[in-house]
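Each remark here refers to the structure printed beneath this line.
Reckoned from all heavy atoms, side chains included, excluding hydrogens, waters and symmetry mates.
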Amino acid sequence: MAFQRRRHHFYQRFRLMIPMISSVAAALLFLFALLSFLAPSPIDSDHMHRRQQYTSFNAQANDVIGKPVFRVPNDGGKLNRDVWSSRNSEHFYGCSNCSSKFPKAQVITRQNRYLLIATSGGLNQQRTGITDAVVAARILNATLVVPKLDQRSYWKDSSNFSEIFDVDWFTSYLSNDVKIIKQLPSQKGRKSLSPYSMRVPRKCSERCYINRILPVLVKKRAVQLNKFDYRLANRLDTEYQKLRCRVNYHALRFTPPIQEMGKKLVQWMRMRRKHYIALHLRFEPDMLAFSGCDYGGGEKEQKELGAIRRRWKTLHRSNPDRARRQGKCPLTPEEVGLMLRALGYGSDVHIYVASGEVYGGEETLAPLKALFPNFHSKETIASKEELEPFSSFSSRMAALDFIVCDESDVFVTNNNGNMAKILAGRRRYFGHKPTIRPNAKKLYRVFMNRSNLTWDVFASSVRTFQKGFMGEPKEVRPGRGGFHENPSTCICEDSVAKADKNFGSRKVWKDNATKKIVANDEVDVDDNDNDDDNDNDDDQNDLTDKDMFNETMSDYETLNFEDPELEEIISD
């Protein structure tokens with residue numbers, strides 16, 4: 001009986017406590033729900049952590065187990081190659097001498113045939129015009145008058161030929177190929193010659209010059225070809241191609257003052273470090289507006305670049321995402337830095353930057369400088385007084401950059417413009433020094449997705465996609481691409497290279513450090529047998545994998561603009 005009373009009393013007390021327990025549980029549940037709502041999700045937290053880590057380049061361990069950590073190392077890592085040289089390069093050399101079957105200028109030049117050329121664009125675009133002008137004069141058996149440089153274009157440089165190039169060296173070096181004079185001769189007792197002005201179609205072949213220009217030249221005696229840029233076919237007879245090389249790589253020499261200042265800049269770079277990288281960074285507002293790409297600057301960027309684009313009625317609004325996927329967007333300075341680190345270049349590397357006005361200024365350059373603190377330009381390593389004779393002339397300043405980039409151990413470009421192409425061809429001719437051109441069409445994928453990758457995966461992907469874009473021998477099939485970029489006719493290989501090529505199914509290369517023959521596991525990126533016999537300058541990188549084609553839209557020569565100013569801005 002007593003037991004039943006105690007049990008009844010316990011149940012009574014328990015029923016009274018149930019509401020209190022329920023209230024406490026409800027309060028705890030509400031508090032837990034509130035904290036869950038206010039706290040960031042693990043995914044968001046990890047995303048913010050990696051973004052902060054990427055910006056500072058000094059990441060800490062990720063608190064979320066199993067998530068990738070994009071930690072950019074300070075060094076370039078251990079690679080199975082020398083980052084300062086190209087494989088097999090010692091077996092290839094420039095060979096542009098003419099054959100005994102190529103008659104001397106004194107034999108073939110006709111009297112009273114004078115060819116004048118008015119070049120167009122920036123320094124390097126004009127360089128292609130000068131080179132092709134010599135060949136055009138040879139085709140026409142004419143005397144070439146020293147070409148006129150473009151002084152009224154966007155670049156606003158009043159320099160004439162002799163103020164940029166050594167004119168005496170130019171005429172004497174080519175004396176056996178083409179007769180060159182500095183100006184039209186005066187006519188004794190006759191009315192002075194007045195050249196007949198005309199235009200020649202782009203990519204005009206030898207037959208084209210003979211059919212279109214020669215009859216006029218015979219009749220008028222002096223003809224001036226205006227806006228002379230890319231007016232000669234890409235594919236010509238071997239002797240004409242070799243003449244192109246003699247002009248571009250030997251006859252065109254900068255004036256002594258430009259050469260001396262350029263050598264000083266190179267010496268200053270060498271004093272800082274044995275090796276250095278030269279980066280041609282075209283990231284000017286006009287260039288970015290032209291590309292139509294999105295560079296992450298938000299509404300402010302869209303308004304600024306949009307206002308620039310509206311200056312040209314021929315430029316229509318493009319799809320930034322599509323342009324990015326197609327590889328038509330120049331890499332940002334930050335992306336260039338990440339690419340170089342992935343390719344094995346550490347933070348101790350010295351970089352010389354050839355650049356105009358960078359959109360966004362120091363804020364845009366900050367990530368690149370964080371990756372490579374040893375950041376130089378001609379303005380930082382030379383005094384204002386030393387640069388004063390050149391600073392008022394854009395072409396002379398560009399010539400200084402050209403020299404430092406040409407002499408660099410590694411040349412890098414984020415575009416496929418005229419300077420990039422001229423230097424790529426020159427560096428192939430003079431020993432295949434490493435020349436890195438971003439495979440923008442493939443790289444955009446890893447850049448866009450890098451927050452979901454570890455550094456090792458990112459770096460491995462970059463190295464894979466950059467095969468065929470490093471300036472090594474045989475990257476581009478002979479005869480394909482623009483000749484100024486790939487002067488294959490003027491590049492010979494020695495007997496060792498030919499013997500190695502025939503040794504088994506795998507190519508081999510010499511390791512300079514160990515002097516051993518090492519198996520080369522690089523793939524041959526250009527094994528497409530479907531050669532196109534038509535002259536086509538648009539296939540700059542005719543690789544087997546069409547996706548590896550770097551279609552950077554600053555590839556000026558493939559474009560046809562209605563607006564002359566826009567055309568000049570894109571040229572360099």
### Message
For R427, give me all partners under side-chain hydrogen bond (donor to acceptor under 3.5 Å, both in side chains), at least two apart in sequence or on another chain.
### Response
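Partners of R427 by the side-chain hydrogen bond (donor to acceptor under 3.5 Å, both in side chains) criterion, ordered by chain and then number, come out as S408, T435.
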### Query
Got a sec, which residues hit side-chain hydrogen bond (donor to acceptor under 3.5 Å, both in side chains) with N112, two or more places apart in sequence or on another chain?
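So N112 forms no side-chain hydrogen bond (donor to acceptor under 3.5 Å, both in side chains) with any residue.
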What closest approach, in Å, do [X] and [Y] show between heavy atoms, and which atom pair accounts for it?
{"X": "N124", "Y": "I422", "result": "O-CG1, 4.2 Å"}
{"X": "S158", "Y": "F393", "result": "OG-CE2, 3.6 Å"}
{"X": "A420", "Y": "T413", "result": "CB-OG1, 3.7 Å"}

Going by an N to O cut-off under 4.0 Å, is there a salt bridge joining [X] and [Y]?
{"X": "R138", "Y": "D177", "result": "no"}
{"X": "D82", "Y": "R87", "result": "no"}
{"X": "E472", "Y": "K474", "result": "no"}

Without swapping roles, check the side chain of [X] against the backbone of [Y] for a donor-acceptor pair under 3.5 Å.
{"X": "T489", "Y": "K242", "answer": "no"}
{"X": "D157", "Y": "S394", "answer": "yes"}
{"X": "Q125", "Y": "N418", "answer": "no"}
{"X": "N234", "Y": "G481", "answer": "yes"}
{"X": "Q241", "Y": "P487", "answer": "no"}
{"X": "T119", "Y": "K148", "answer": "yes"}
{"X": "E475", "Y": "M470", "answer": "yes"}
{"X": "Q126", "Y": "G121", "answer": "yes"}
{"X": "R231", "Y": "V200", "answer": "yes"}

### Task
Determine the interplanar angle of the Y249 and F430 rings, folded into 0 to 90°, and report it as parallel if under 30°, tilted if 30 to 60°, perpendicular if over 60°.
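Correct class here is perpendicular.
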### Query
Mind checking whether W84 and Y345 have parallel, tilted or perpendicular rings, split at 30° and 60°?
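Rings of W84 and Y345: perpendicular, as their planes differ by over 60°.
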### Query
Considering residues at least two apart in sequence or located in another chain, which fulfil the disulfide bond (SG atoms under 2.5 Å apart) criterion with C405?
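Disulfide bond (SG atoms under 2.5 Å apart) list for C405, sorted by chain: empty.
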#### Entry: Passing candidate, side-chain contact (heavy atoms from CB on, under 4.5 Å) with L368, options V358, L340, L279
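So, applying the side-chain contact (heavy atoms from CB on, under 4.5 Å) to L368 and each of V358, L340, L279, only L279 qualifies.
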### Query
In a check of side-chain contact (heavy atoms from CB on, under 4.5 Å) between Q224 and each of L116, L184, I117, which one passes?
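Exactly one candidate clears the test, L116.
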### Task
With disulfide (SG to SG under 2.5 Å) as the test, would you mind laying out the steps for C95 and C490 before giving the verdict?
CA-CA 5 Å; C95 52; C490 305; over 6 Å; no
### Message
Suppose we screen for side chain to side chain contact (heavy atoms under 4.5 Å, CB included). Which residues come up paired with S89, at least two apart in sequence or across chains?
### Response
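Partners of S89 by the side chain to side chain contact (heavy atoms under 4.5 Å, CB included) criterion, ordered by chain and then number, come out as S86, H432.
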### Query
Among all residues two or more places apart in sequence or in another chain, which pass the side chain to side chain contact (heavy atoms under 4.5 Å, CB included) test with S383?
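Listed in chain order: E385, E386.
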### Task
Inspect the surroundings of NZ in K433 and state if more than 12 heavy atoms from other residues, nucleotides or ligands are less than 6.0 Å away.
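More than 12 within 6.0 Å, yes.
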### Query
Who passes ring-ring contact (aromatic ring centres under 6.0 Å, His included) against H280, sequence neighbours left out?
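Not a single residue meets the ring-ring contact (aromatic ring centres under 6.0 Å, His included) criterion with H280.
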Side-chain donor-acceptor contacts of residues 163-170 below 3.5 Å, not counting sequence neighbours, with atom names and distances?
residue	atom	partner	partner atom	Å
E163	OE1	N160	N	2.9
D166	OD1	D168	N	3.4
D166	OD1	W169	N	3.2
D168	OD1	K182	NZ	3.0
W169	NE1	H250	O	2.8

### Message
Using the rule given for side chain to side chain contact (heavy atoms under 4.5 Å, CB included), can you reason through N414 versus R437, listing the C-alpha separation, both sets of side-chain angles and the distance that settles it, and then say yes or no?
### Response
CA-CA 7 Å; N414 71 332; R437 297 168 301 123; over 6 Å; no
Show which side-chain atoms of residues 97-106 pair as donor or acceptor with protein atoms under 3.5 Å away, not counting sequence neighbours.
residue	atom	partner	partner atom	Å
S99	OG	K101	N	3.3
S99	OG	E239	OE2	2.4

### Task
For residues 117-135, pull every pair meeting salt bridge (charged side-chain N to carboxylate O under 4.0 Å, His left out), keeping only residues two or more places apart or in separate chains.
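For residues 117-135: D132-R244.
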### Query
Run the side chain to side chain contact (heavy atoms under 4.5 Å, CB included) check on T143 and R113 step by step: do they pass?
CA-CA 6 Å; T143 296; R113 284 190 195 177; over 6 Å; no
Run the side-chain donor-acceptor check on residues 259-270: report pairs under 3.5 Å with partners two or more places apart or on a different chain.
residue	atom	partner	partner atom	Å
Q259	NE2	F254	O	2.8
R270	NH1	K274	O	2.9
R270	NH1	D409	OD2	2.5
R270	NH2	E407	O	2.9

### Task
Determine which pairs satisfy side chain to side chain donor-acceptor pair (under 3.5 Å) with at least one residue from residues 205-218, sequence neighbours left out, and list them in order.
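Qualifying pairs: none.
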### Task
Name all pairs fulfilling the disulfide bond (SG atoms under 2.5 Å apart) condition that reach into residues 202-243, sequence neighbours left out, sorted by first residue then second.
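Residue pairs with at least one partner in residues 202-243: C204-C208.
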